[in-house]
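Because the structure is a prediction, the values reported are computed rather than measured. Just so it is clear: chains get the letters A, B, ... in the order the sequence lines come, proteins before strands, and each one is counted from 1.
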Amino acid sequence: MKKITLTVNGKKISVQAHPFARLLDVIREGLELTGTKEGCGEGECGACSVLLDGELVNSCLVPVLQANGKAILTVEGLSKKSLCPLQKSFMKCGGAQCGICTPGMLIASQALKKKKKRLSPKDIREGLAGNLCRCTGYSQIIESIQKSGGRT
Amino acid sequence: MSWVGKSALRKEGEKKLRGIAKYIDDISFEGMIYGTTVRSSTPRGILKKIEFLPGVNWDEFIKVTAQDIPGHNYVALIEKDQPFLAQEKINHPEEPVLLLAHANKHLLEKARKLVKLHVEPLPPVFNIEDSLSQKALVWGKNNIFKSYSIDRGDVETAFKKAFVIVEGTYETGAQEQLYIEPNGVLAIANPQEGVTVWGSMQCPYYVHKALLPLFDLPPDKVRVVQAETGGGFGGKEEYPSVICGHAALLAWKSGRPVKIIYDRMEDMVATTKRHPSKTKIKIGFDKSNKLIAMDIDFSIDGGAYATLSSVVLSRGTLHASGPYFCPNIKIRSRAVATNCPPHGAFRGFGAPQSIFALEKHLDLCAKKLNLDPAILRKSNLIKTGETLGCGQVIKEKVRISEVVERALQLSSYHKKRKLFLKHNSKGPLKKGIGLSVFMHGAGFTGSGETFLASIAAIRANEAGKLEVLTSNTEIGQGTNTIFSQMTADALKLDLKDIEVVQPDTSKVPNSGPTVASRTCMVVGKLVEQAAQDLKQKLISAQLLKEKYTRSEFLVACKRYRKEIGELKGISQYKAPPHVVWDEQKYQGDAYGAYAWAAYVAETTTDLRTFETVVDNFWAVQEVGKVINPTLARGQIIGGVAQGIGYALYEDVVWHEGKMVNNKMSNYIMPTTLDTPDIDVLFLELPYAFGGGGSKGIGELPLDGPAPAILNAMDFALDLELTQIPTTPERLMEKIERKTP
Ligand code: FES
Ligand code: FES
């Protein structure tokens with residue numbers, strides 16, 4: 001066990017964890033932030049996407065030690081009182097169906113929007129290629145991002 | 001103001017977007033431990049001994065075998081052949097034999113690997129041919145779970161008169177539902193309070209039905225609650241009964257809450273998939289290209305136990321002759337047993353298999369007749385007053401010709417065929433465009449809905465809201481939202497006055513399972529009727545006039561509750577008068593209503609890599625009244641994407657009855673890069689007996705993509721493809737065989 005310090009959604013937190021524990025498990029079980037999901041556990045589906053110091057990662061592949069001292073953004077940190085523009089747009093355009101891929105999709109979309117101001121549908125398709133959704137067939141997710149306005 | 005027809009926002013959308021919706025793995029209880037399943041790896045045999053190898057302290061583990069079952073060891077569904085835990089006989093390589101529970105997940109996994117099962121092997125069968133030829137007898141008297149026959153007119157005589165006869169054989173592979181949330185449940189169980197399970201599921205009352213005999217408990221001692229569910233597509237129709245039973249058995253023995261969450265590999269290897277199929281078709285045409293005889297032989301592989309195969313087979317059989325008129329039809333179909341894990345429900349439920357075969361075959365027929373496939377189809381479409389293969393006379397108006405016309409126009413089908421022919425004369429990139437035309441019957445087949453006798457209710461609650469009470473689950477398709485829209489319209493209220501209660505068998509009536517595209521059409525209608533019943537109670541109690549405002553209605557509810565008591569409207573299913581089905585003869589009105597569709601796919605195949613991409617896709621359908629355009633469009637696009645996977649990518653690789661590519665990294669579902677923008681157009685023709693005028697649409701979009709895509713590829717490559725998935729490897733083989 002090792003003391004790990006993280007800044008999660010803007011809050012500084014220390015936890016005791018095995019250094020090789022998956023960041024995903026520390027977030028879900030240690031910090032009880034269950035918005036981040038596990039779909040495959042092998043880096044394929046992106047349901048566990050979080051931002052680690054602004055970089056998009058699959059938290060199921062990251063040993064928590066690697067996150068020590070870094071900032072993490074999970075879906076719970078996207079908005080406070082009212083939904084952020086991206087969430088609002090997902091709501092309006094039908095970007096979420098069953099919702100299980102949604103936290104990861106939102107985080108990946110956020111990362112994409114940070115990288116580039118004007119996103120073409122092609123940019124979005126390329127940027128989200130690591131996030132699987134079995135419900136939507138993606139079109140409405142892509143529209144959600146396109147219609148979410150400028151940077152969030 | 002009417003809500004039906006508007007894109008009301010997803011009722012539970014905000015919870016999902018904030019990441020605070022509670023899926024099963026997000027729920028924990030004090031003192032909870034974890035459960036796991038030890039499975040046979042032998043496909044067929046006799047269990048001789050369970051050995052616990054050293055390496056863990058076995059005294060710390062809760063162990064459950066068939067001997068520990070307090071009631072009956074079968075998963076109640078249709079037949080009683082599938083055990084919760086194998087007693088002696090092993091019938092497939094993922095057969096559950098032993099359950100283990102422990103507080104530490106990691107130790108549990110270690111222990112699972114330290115169990116050695118001694119199984120004396122018996123000869124297995126793994127495919128339809130071997131099962132039919134009875135290479136080994138693995139189920140019942142002849143390896144056949146169920147068979148159906150349809151005979152209309154006189155096929156033999158008609159073939160003698162036929163101008164052209166075309167024959168073909170078609171095969172479809174298994175397909176994994178691949179909901180992104182794997183199966184999972186949580187159970188609390190003890191002899192005093194009974195059994196309660198929470199889980200990711202489509203059909204709480206199926207689970208309820210399965211747990212009663214397992215524990216030999218009365219209905220009120222078993223409670224099943226649906227947690228937020230991360231996709232189902234049929235994959236959480238019948239299998240959750242098994243997992244719920246397992247978790248409850250461990251909870252019963254340990255006295256502690258037990259959670260079982262399958263990881264992706266276990267979910268893929270052990271749970272149900274779409275039935276593989278094989279179809280032989282022989283079609284005869286007269287001189288004017290009219291269908292005069294169809295002989296269809298349809299077989300599906302049901303896996304080791306009967307589960308839902310008989311009903312899957314039935315739907316496949318009833319859709320096998322398509323939306324066409326043919327006076328002479330003979331269909332023989334059967335579901336056979338093999339030693340694979342049972343195949344089960346998957347969106348489309350048998351129809352995508354038989355429709356693939358027919359729609360592929362019609363393109364071959366067109367080729368032999370030297371006719372455009374669209375023209376061949378158009379001249380044979382069913383019209384009002386004509387009879388479908390199942391014996392159903394189409395009484396209502398049909399807009400199928402219009403649907404086909406619109407799809408051809410939108411996609412510039414004819415123009416592109418000419419263009420692509422020219423384009424394909426040189427270079428390695430071959431472009432194709434292909435069509436499929438089909439229909440999908442909504443609701444249970446035949447008398448199924450009458451037997452179900454579903455009940456829905458609306459209740460005025462203490463908070464001044466109207467609660468919708470059904471057992472139909474929200475699994476992403478929009479149940480919560482459309483039920484709210486229909487209720488708000490039925491009572492002339494606002495959307496915010498309506499709440500949809502999370503299905504919990506201790507609170508909601510049995511409105512049947514969330515399957516068969518029945519939620520919106522069948523249960524939606526019951527919800528509307530229950531709302532009317534509630535309103536009538538207010539009027540009879542003289543608390544409300546026929547004409548009222550929203551606030552008058554809400555005040556009336558409050559007064560009723562105060563002065564009279566509980567206020568609830570109830571409605572139970574009765575078959576619409578026009579639906580008559582003869583189960584004995586297996587003919588009649590197979591479905592109350594059909595949705596009709598024509599899909600066009602445009603593809604490019606790269607002859608250097610043999611990869612095919614779907615560049616464009618048009619989905620045109622008549623689905624009754626569209627209740628919520630955004631949600632309905634989402635259903636179609638999502639279904640088409642699954643259909644693209646079914647056609648091109650999703651290949652279950654089997655070895656001795658076991659899926660060996662049970663990972664997301666080697667079972668490939670479409671990503672953002674494999675799916676085009678999908679053009680969706682709805683034509684509307686409200687159905688009087690469907691909620692809000694709707695017909696079911698959930699399954700429809702999976703029926704059409706695979707044949708449309710393969711028809712496009714055949715056009716591009718001048719091939720006669722007959723099998724899905726057509727992976728690059730399979731395509732290469734096919735092309736190399738053609739060009740020696
Ligand atoms: S759970 Fe991490 S990528 Fe799927
Ligand atoms: S919304 Fe269900 S997996 Fe994406």
Side-chain angles (χ1 to χ4, degrees), chain A residues 25 28-29 32-47 74-79 82-84 86-88 90-104 106-107 121-122 124-143, chain B residues 7 9-10 12-23 25-28 177-182 228-233 261 263-265 474-478 628 630-631 633-642 644-645 663-665 669-678 680 701:
Chain A
D25 294 330
R28 287 183 51 84
E29 288 163 22
E32 291 181 33
L33 290 172
T34 55
T36 305
K37 306 300 182 193
E38 174 165 1
C40 69
E42 55 158 345
E44 280 293 322
C45 74
T74 72
V75 66
E76 289 92 344
L78 280 178
S79 56
S82 64
L83 297 180
C84 73
L86 197 53
Q87 287 168 318
K88 277 188 190 146
F90 266 67
M91 186 82 171
K92 189 137 186 284
C93 302
Q97 287 189 22
C98 82
I100 198 80
C101 73
T102 309
L106 287 168
I107 292 290
K122 188 163 172 275
I124 300 175
R125 285 192 179 273
E126 276 164 11
L128 293 185
N131 289 74
L132 297 179
C133 173
R134 191 58 154 172
C135 296
T136 62
Y138 306 108
S139 296
Q140 289 174 324
I141 291 178
I142 290 156
E143 288 160 23
Chain B
S7 288
L9 297 181
R10 179 174 285 280
E12 78 292 350
E14 186 163 340
K15 274 195 301 182
K16 287 176 171 172
L17 288 162
R18 287 184 184 276
I20 54 173
K22 293 285 176 213
Y23 299 81
D25 201 18
D26 305 335
I27 304 168
S28 296
Q177 293 87 356
L178 216 71
Y179 29 70
I180 304 296
E181 177 206 35
E228 197 75 64
T229 297
F233 319 115
I261 306 283
D263 66 18
R264 180 57 60 186
M265 287 178 74
E474 169 66 61
I475 53 174
Q477 81 288 44
N628 182 315
T630 298
L631 294 184
R633 184 168 162 255
Q635 281 299 292
I636 302 299
I637 298 173
V640 168
Q642 291 178 352
I644 292 174
K663 281 175 158 198
M664 278 180 164
S665 50
M669 66 158 268
T671 69
T672 45
L673 299 176
D674 311 312
T675 40
D677 287 323
I678 293 155
V680 179

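- Across B:Leu17 and A:Phe90, no two heavy atoms sit closer than the pair CD2-CB, 3.5 Å.
- Of the atoms belonging to B:Thr229, it is backbone heavy atoms, and not side-chain ones, that fall under 4.5 Å from chain A.
- The choice from B:Gly19, B:Ser7, B:Ala21 that makes the most heavy-atom pairs within less than 4.5 Å of chain A is B:Gly19.
- When the candidates B:Ala641, B:Ser28, B:Gly230, B:Gly478 are compared by the number of heavy-atom contacts under 4.5 Å with chain A, B:Gly230 comes out ahead.
- Between A:Ile100 and B:Glu228 there is no side-chain heavy-atom pair separated by less than 4.5 Å.
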Assess the residue pair A:Thr136 and B:Ile637 against the criterion (side chain to side chain contact (heavy atoms under 4.5 Å, CB included)); give the C-alpha distance rounded to whole Å, side-chain angles, the decisive distance to 0.1 Å, and a yes or no. CA-CA 6 Å; A:Thr136 62; B:Ile637 298 173; over 6 Å; no

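- Contact of A:Gln140 with chain B is made through the side chain alone, with heavy-atom distances under 4.5 Å.
- Contact of A:Thr102 with chain B is made through the side chain alone, with heavy-atom distances under 4.5 Å.
- Listed options B:Val640, B:Asp25, B:Ile644 were ranked by heavy-atom pairs under 4.5 angstrom with chain A; first place goes to B:Asp25.
- Across all their heavy atoms, A:Ala96 and B:Arg10 have their closest contact at O-NE, 3.0 Å.
- Only the backbone of A:Glu38 comes within contact range of chain B, with heavy atoms under 4.5 Å apart.
- Closest heavy-atom contact between B:Leu673 and A:Ala129: CD1-CB, 3.6 Å.
- The contact between B:Pro182 and chain A is made entirely by side chain atoms (from C-beta outward), counting heavy-atom distances below 4.5 Å.
- Residue contact with chain B, scored on non-hydrogen atoms closer than 4.5 Å, involves the side chain of A:Glu42 exclusively.
- Taking each heavy atom of A:Lys37 and B:Tyr23 in turn, the nearest pair found is NZ-CD1, 3.4 Å.
- Of the atoms belonging to A:Leu78, not a single heavy atom falls under 4.5 Å from chain B.
- Counting heavy-atom pairs under 4.5 Å between each of B:Lys16, B:Glu12, B:Lys663, B:Arg18 and chain A puts B:Arg18 at the top.
- Scanning all heavy atoms of the two residues, the minimum distance from A:Cys135 to B:Phe233 falls at SG-CZ, 3.6 Å.
- For a residue to count as touching a neighbouring chain, one of its non-hydrogen atoms must lie under 4.5 Å from one of that chain's; by this rule B:Leu178 touches chain A with backbone and side chain alike.
- Closest approach of A:Met91 and B:Leu9 over heavy atoms only: O-CD2, 3.7 Å.
- No other option in B:Lys22, B:Gln177, B:Lys15 has as many heavy-atom pairs under 4.5 Å with chain A as B:Gln177.
- Contact tally against chain A (heavy-atom pairs below 4.5 Å) for B:Pro670, B:Gly639, B:Pro676, B:Ser665: the top residue is B:Ser665.
- Contact check for A:Arg28 versus B:Asp26: side-chain heavy atoms found under the 4.5 Å cut-off.
- At a 4.5 Å heavy-atom cutoff, the contact between B:Asp677 and chain A is made by backbone and side-chain atoms alike.
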